[in-house]
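What follows is a short report on a single structure.
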Number of protein chains: 2
Amino acid sequence: MELGVSKMRKPPGRIRDVAKETGLSIATISRVMNGSKSVSPKTRKRVLEACERLDYLPNPAARALSTNKSNTIAAIIPTIEHSVFAKFIAGIEQALGTRGYSLVLAISNGEDEEELKAARKLLGMGAEAFILSGAAHSKELLDMFLRRQVPIAFTSVWDPNLKIPTIGYDNSKLAAEAVRYLASLGHQRIAVFHGPLKTSDRTLARRQGAETVNTPLVELEFHETELSVSGGRVAVREVLHGKVRPTAILCFSDVLALGVYFGLREAGLEVPDDMSVMGFDNLDWAKETHPPLTTINLPAAEMGKAVATQIMDHLETGVPLHRENLDAEIVRRSSVKEIK
Amino acid sequence: MELGVSKMRKPPGRIRDVAKETGLSIATISRVMNGSKSVSPKTRKRVLEACERLDYLPNPAARALSTNKSNTIAAIIPTIEHSVFAKFIAGIEQALGTRGYSLVLAISNGEDEEELKAARKLLGMGAEAFILSGAAHSKELLDMFLRRQVPIAFTSVWDPNLKIPTIGYDNSKLAAEAVRYLASLGHQRIAVFHGPLKTSDRTLARRQGAETVNTPLVELEFHETELSVSGGRVAVREVLHGKVRPTAILCFSDVLALGVYFGLREAGLEVPDDMSVMGFDNLDWAKETHPPLTTINLPAAEMGKAVATQIMDHLETGVPLHRENLDAEIVRRSSVKEIK
DNA sequence: ATGTTCATTGAAACCGGTTACATGTCAATT
DNA sequence: AATTGACATGTAACCGGTTTCAATGAACAT
């Protein structure tokens, strides 16, 4: 009768169980589990069979402890209830998954406070790198990452002046392009709808980009509204009650544009005959509206894939993270008409 | 000169650094970090200050290794690019966050294969419990959880016949209710649009629920289509080309209903005068369409919160997971009219 | 003064892996 | 036959915490 061994075997099989089962040392088992090449083929086979039999899976905590790697990447986003972020997350998850990494997700609601709390939590959970949205973050947060030397990347933005790598698109430039596009079609008064400036530096960048277009003939009126279908609809009412009616509405989100569609419909106005409408995002349904929505295609999923890939490469090979400017271009459909 | 100590201190401070700094033992530091009550107030204070000074954060892997807890919950969902899932995830994340847990997310694209792979990955990452969507999962997956005694819960469904706890709503019943509601307003021929049956047992349940309503006067025609705005639009065309035109379209997703709106508009038809339309989900924008969409309110965020809370309670106190049937009711708006 | 109790603290054994280094074996080379 | 080297495997020191148990000492009762 062995002593002390009477305690029930703990449910998950441990490496030493496999060692005992095969009569090998735990070192060899470990080598097999990690695909080390210095294991004879038949030993490897024997081990793998034993693993199968014992339903063995290496303990992740133990592995993380000795290797100092958790294979976990964190993303903190302001909201997930916006298609663009959802696609972005899907892109990240997919890219991470193919290489065995996992995604831990936190939602900050655009609050620095919550973002910091989430970051601490995820750090204390073993996240090896962080994917953040936008470039505006509390100094405290950034300091924390700096002190701990945790790799971070900013996404949804592209800014050559930042030291921290930005992987995304140039919001300012794109907004300016959108305005110029409308101007080129003869629109001289354009209403611009956007979400809250407070919580999103990307929105601010877009607005500032739009303002840079000072073709003398173009007048812009800005409407800050809630970032939702409802917000777009509310803003339309404002516009329709204004003294001078613009000929086009540029929305810095397709979601707003959808609200605009309904708002105009409610007012009995036709797109684009009575009002041209342009969006920003190119969500899945943008081509399905009636009329199909002219918008700017943001490569959300590609962006997720790009940042995830860069981070994994960095973690594995040490190549530094680098700025990446993704293609985003105007998708011309029929919600914008030319003004003679 | 101490020997062996010349190696650079590793960036993250370890518990023994704090012990050295304070002249206490690591046991005491550990006690402070875990809020054990048997530490004198002034010692605690001294330790906390030292932690601050050294920027100390306990190593999560080490902690997980000794306590056998990772504080990580996994969710596997078919897609995140559907608002309902996004809200669901947001609900989970929020609930987990308030109690220090983290969410690891995987996306299965509705494929058993991918789901299994993801589950293995997340298990090998230390996830302590799994949140799954729907009740249809491969035997292999379920067996794996069973063998390892990993707690799991099915969501978006409610089924009293399943042993595994279901936290959600009764899709079949709700669909039947929707049909009865339309019938009560005089609709005798109703087109029902739904997504692929293959990949979603919830869709199947809804369809079967609708079929149970055999009021003699009501005829149902089912249209399986892609689950997207586009899909709704395509299905509308089918309906309009049919021999007998229904008076109402019931969509098992608001997204489809949106496509229907555009499809009808394209055909020059008015909602609800020429066609009544009803959705399923009550997405944020449903009240903002023109006309506002009659639909069924699914408590996605609440569901996320409910399942997360149950799981945390279970992990901490051992109370068993239990079935939970959440309220979901018809939201009457003006996209459905009464037929005389 | 002496014994008892309680509150603090420390020593050391884990937790389950990884990996540097040592060891042993066998075939190829001289 | 002796030497060498490549390969396969084992030994044991770590990784950084948690927790049991014992030790210490102060407060209190006798």
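Each chain gets a letter, A, B and so on, in the order the sequences are listed, and its residues count up from 1. Source: prediction; values computed, not measured.
- For the pair A/Arg31 CZ and C/dC21 C1', the interatomic distance rounds to 11 Å; values are reported in whole Å.
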### Task
Go through B/Arg99 and B/Asp313 one step at a time and tell me if the salt bridge (Lys or Arg N to Asp or Glu O under 4.0 Å) criterion holds.
CA-CA 10 Å; B/Arg99 287 167 64 174; B/Asp313 288 346; 2.9 Å; yes
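- When the shell of 6.0 Å around CD of A/Gln94 is examined, it contains 12 or fewer heavy atoms from other residues, nucleotides or ligands.
- Taking every heavy atom of residues 32-40 of chain A and every atom of DNA chain C, pairs under 4.0 Å involve A/Asn34, by number.
- Taking the nucleotide of DNA chain C with the nearest heavy atom to each of B/Pro41 and B/Thr67, the more 5' of the two is matched to B/Pro41.
- The distance between atom CZ of A/Arg44 and atom C1' of D/dC7, rounded to the nearest whole Å, is 13 Å.
- The overall bend of the helix from C/dA1-D/dT30 to C/dT30-D/dA1, read as the angle between its terminal helix axes built from five base pairs each, is 50° when rounded to 10 degrees.
- Nearest to the side-chain atoms of A/Asn59 among the listed nucleotides C/dG17, D/dG17, D/dT11 stands C/dG17.
- Between the CD1 atom of A/Ile29 and the C1' atom of D/dG10 there is a distance of 12 Å, rounded to whole Å.
- The side chain of B/Ile15 sits closest to D/dG17 out of C/dG17, D/dG17, D/dG16.
- Contact annotation: B/Arg16 side-chain N/O to D/dG17 OP1/OP2 distance is not under 4.0 Å.
- Atom CG in B/Asn71 sits about 16 Å away from atom P in D/dG17, given to the nearest Å.
- With D/dA8, D/dT11, D/dT18 as the candidates, the nucleotide lying closest to the side chain of A/Thr43 is D/dA8.
- Judged purely by distance below 3.5 Å, without hydrogens or angles, the side chains of B/Asn68 and B/Arg63 never pair a donor atom with an acceptor atom.
- B/Glu93 pairs by the salt bridge (charged side-chain N to carboxylate O under 4.0 Å, His left out) definition with A/Lys121, not counting sequence neighbours.
- Comparing B/Thr28 and B/Ala62, the nucleotide of DNA chain D nearest to each residue sits closer to the 5' end for B/Ala62.
- Comment: A/Asp17 does not engage A/Lys20 in a salt bridge, judged by the lack of any side-chain N to carboxylate O separation of less than 4.0 angstrom.
- To the nearest 0.5 Å, atom CZ of residue B/Arg53 and atom OG1 of residue B/Thr22 are 9.0 Å apart.
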### Query
Hey, mind stepping through B/Lys117 and B/Glu113 against salt bridge (Lys or Arg N to Asp or Glu O under 4.0 Å) and telling me if it holds?
CA-CA 6 Å; B/Lys117 248 186 63 187; B/Glu113 189 71 24; over 6 Å; no
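- For B/Ser156 against B/Phe85, the heavy-atom pair with the smallest separation is OG-CE2, 4.5 Å.
- With hydrogens and angles disregarded, no donor-acceptor distance shorter than 3.5 Å links the side chain of B/Glu21 to the backbone of B/Ala50.
- Rounded to whole Å, the distance from CZ on B/Arg14 to P on D/dC14 is 13 Å.
- The side chain of A/Ser66 places no N or O atom within less than 4.0 Å of a non-bridging phosphate oxygen (OP1 or OP2) of C/dG17.
- Judged purely by atom type and a 3.5 angstrom limit, B/Asp201 uses its side chain to pair as donor or acceptor with the backbone of B/Ala135.
- The side chain of A/Leu24 has D/dG10 as its nearest neighbour among C/dT9, D/dG10, D/dT18.
- Nucleic acid contact for B/Ser30: base, since at least one base atom lies under 4.0 Å from a heavy atom of the residue.
- One atom, CZ of A/Arg63, and another, P of C/dC15, lie 19 Å apart when rounded to the nearest Å.
- Note: CG (B/Asn68) to C1' (D/dT19) measures 14 Å, nearest angstrom.
- We find that CG of A/Leu65 is positioned 17 Å from P of D/dA13, with the value rounded to whole Å.
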